[in-house]
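Start at 1 with the first residue, then count along the sequence. When reading the values below, keep in mind they use all heavy atoms of this one structure, side chains included, and skip hydrogens, waters and symmetry mates.
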Amino acid sequence: MEKPFLITGAAGSIGSELVKQLSFFNVKELILVDQAESALYDVQQDLIRNGKHNFTAIVADIRDAIRMDNIFQEHRPTLVFHAAAYKHVPLMEKSPYESIKINVNGTKILADISSHYNVKKFVFVSTDKAVNPTSVMGATKRIAEMYISCLQKESKTKFITTRFGNVLGSNGSVIPLFKKQIENGGPLTLTHKEITRYFMTIPEASQLVLEAGTMGKGGEIFIFDMGDSVKIYDLAKNMIKLSGLRYPEDIDIKITGLRPGEKLYEELLANGENTLSTYHKKIMISKTRELDYAFVKAQIEELCITNRFQNSNIVIKMKQLIPEYKSNNSDFERFDKRVQVYKKSKGILSSKDHKTYGNL
């Protein structure tokens, strides 16, 4: 029988599906951690209805280091699946403090505690928005990826990152939004006529996270094959048609403009990255540049401390950490020129120093 597994964000779209799939394995105990009380209660009741009792549901905040340490000390998980995060791009663009607090510092706290208690594997659920980020949310997930890569160099824990695009039907995603808008008689709102996204079902994405966690030996970023990107404008028209209605006679589509931090096209690989195949046709490993791990780790620790003071220039520090981070349709675009001047003065745009901040 496997020792306890801990899942953060256990009430979310991916987290709850990970819980569901893991509940069928011979696991001693599933520790479900989420700060969303009502959603966690729903997951708990679903498990009970399906005759599953090898779990403990815990309402807790991953940003509370003392609370998390107590949970690890009591339950001693051998595997951690870290799915808890703030993920809504426009909301996080307005709240860098909160985004850093949970996506970076929350991940740091969990990773540090996992390392301290010699957790066997730590599987981090990242996003394609971490690739060449144009938003605060994407940048915080990229920094979290960088931190666990740094920790990999000094820990017995095997740190593994999984990176994929949007999942169909997740909380706040476009399909539930379109469905509600159709029910209300329209119009369907679309930010740009040419916008595209990669999609995968929640069960498939979760299964690939588990597969990657199993095959991971530590330090990898696993990229999932998301298939072809989908044009959201075509998706909107198809949803209208499948609802038995006509576009534009019955339901119209309204273009609202790109939201702060939003990309037209998502990417799965950062600049300079290549991939290696694995035994699973839908899972690839990114070949990555080396980081100056001690320096980058110290910079991320400084970022988390500085963020406590809610410094309005915190986004500049993030841009200094991630050379490829360029804000899009955001108030923070004004920082890009200042950061370019800073990088030039420090010489970190040269090929010699690029490894310090290199894409991972």
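Between the side chain of K141 and the main chain of V125, a donor-acceptor pair closer than 3.5 Å is present. Of the possible polar contacts, none joining the N105 side chain to the C304 backbone as a donor-acceptor pair under 3.5 Å is found. Under a 3.5 Å cut-off, the side chain of Q299 and the backbone N or O of V296 do not form any donor-acceptor pair. Distance alone, capped at 3.5 Å, places no donor-acceptor pair between the S155 side chain and the Q152 backbone. With S23 contributing its side chain and K20 its backbone, the two residues share a donor-acceptor pair below 3.5 Å. Here the side chain of R197 pairs a donor or acceptor atom with the backbone of L264 at under 3.5 angstrom. When atom types are taken as modelled, the side chain of S115 and the backbone of A111 share no donor-acceptor pair closer than 3.5 angstrom. Not a single donor-acceptor pair under 3.5 Å links the side chain of D252 to the backbone N or O of Y247. K326 contributes a side-chain N or O that, together with a main-chain N or O of P323, makes up a donor-acceptor pair within less than 3.5 Å. Side chain of D64 to main chain of R67: a donor-acceptor pair is present (N/O by atom type, distance under 3.5 Å, no hydrogens or angles).
Within 6.0 Å of atom CD in E37, 12 or fewer heavy atoms from other residues, nucleotides or ligands are found, so the atom counts as exposed in its surroundings. Around the NZ atom of K241, the shell of radius 6.0 Å holds no more than 12 heavy atoms that belong to other residues, nucleotides or ligands. Heavy atoms of other residues, nucleotides or ligands lying less than 6.0 angstrom from CG of D228 number 12 at most. The local environment of CD1 in I66 is sparse, with at most 12 non-hydrogen atoms from other residues, nucleotides or ligands closer than 6.0 Å.
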Stepwise side chain to side chain contact (heavy atoms under 4.5 Å, CB included) test for V123 and V80: CA-CA 6 Å; V123 182; V80 171; over 6 Å; no

Show, in sequence, the C-alpha distance, side-chain angles and deciding distance for R142 and E145, and conclude whether the salt bridge (Lys or Arg N to Asp or Glu O under 4.0 Å) test is met. CA-CA 5 Å; R142 176 70 192 112; E145 290 181 358; 3.0 Å; yes

Pair L208-H280, side chain to side chain contact (heavy atoms under 4.5 Å, CB included): steps then yes or no: CA-CA 9 Å; L208 291 177; H280 195 296; 3.4 Å; yes

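A donor-acceptor contact closer than 3.5 angstrom links the side chains of H82 and T107. In summary, the side chains of Y198 and D225 do not present any donor paired with an acceptor at a separation below 3.5 Å, with no hydrogens or angles considered. Judged purely by distance below 3.5 Å, without hydrogens or angles, the side chains of T134 and N328 never pair a donor atom with an acceptor atom. Between the side chains of E266 and S229, no donor N or O sits under 3.5 Å from an acceptor N or O. Using modelled atom types, one finds no donor on one side chain facing an acceptor on the other under 3.5 Å when comparing S114 with T157. Counting only N and O atoms by type, the side chains of E93 and S330 include a donor and acceptor under 3.5 Å apart.
Shortest non-hydrogen contact noted between L6 and P77 is CB-CB, 3.8 Å. Closest heavy-atom contact between V167 and A205: CG1-CB, 3.7 Å. For the pair F164 and V209, the tightest heavy-atom approach, listed with the atom from each and the gap, is CE2-CG2, 3.8 Å.
Looking at residues two or more places apart in sequence or on another chain, you find no ring-ring contact (aromatic ring centres under 6.0 Å, His included) involving F199.
Between F159 and F122, the two ring planes are tilted [angle within 30° to 60°].
Under the 4.5 Å side-chain criterion, counting only non-hydrogen atoms from C-beta, I160 is in contact with K121. Annotation: side chain of T140 is not in contact with side chain of Y86 (no heavy-atom distance under 4.5 Å). L303 places a side-chain heavy atom less than 4.5 Å from the side chain of M318. The shortest distance between side-chain heavy atoms of F55 and E29 does not fall below 4.5 Å. Side-chain atoms of I314 and F309, non-hydrogen and from C-beta on, never get closer than 4.5 Å to each other. In this structure the side chain of F81 reaches within 4.5 angstrom of the side chain of L210, judged on heavy atoms. Counting heavy atoms from C-beta outward, Y233 and I195 have side chains that stay 4.5 Å or more apart. Contact check for T8 versus D34: no side-chain heavy atoms found under the 4.5 Å cut-off.
No path of Ile, Leu, Val, Met, Phe, Trp and Tyr side chains, each step under 4.5 Å between heavy atoms, connects L242 with L168, placing them in separate hydrophobic clusters. Taking hydrophobic clusters as Ile, Leu, Val, Met, Phe, Trp and Tyr residues chained together by side-chain heavy-atom distances below 4.5 Å, F335 does not share a cluster with Y97.
Within the structure, ring-ring contact (aromatic ring centres under 6.0 Å, His included) pairs that include any residue of residues 3-51 do not occur (at least two apart or interchain).
The distance from the OG1 atom of T306 to the CG atom of N311 is 7.0 Å, given to the nearest 0.5 Å. Taken to the nearest 0.5 Å, the OH atom of Y147 stands 15.5 Å off from the CG atom of N103. Between the OG atom of S135 and the CG atom of L91 there is a distance of 12.0 Å, given to the nearest 0.5 Å. Taking CG of L47 as the reference point, atom CG of L32 lies at 6.5 Å (rounded to 0.5 Å). Taken from CG in L276 to OG1 in T278, the straight-line distance is 9.5 Å, to the nearest 0.5 Å. Note that CD1 of I7 is 12.0 Å distant from CD of E17, once rounded to the nearest 0.5 Å.
The pair K319-D336 meets the salt-bridge criterion, with a side-chain N (NZ, NE, NH1 or NH2) lying under 4.0 Å from an Asp/Glu carboxylate O. Here E211 does not pair with K282 in a salt bridge; the nearest charged N to carboxylate O distance is not below 4.0 Å. Salt bridge K297/E154: present, at least one basic N to carboxylate O contact under 4.0 Å.
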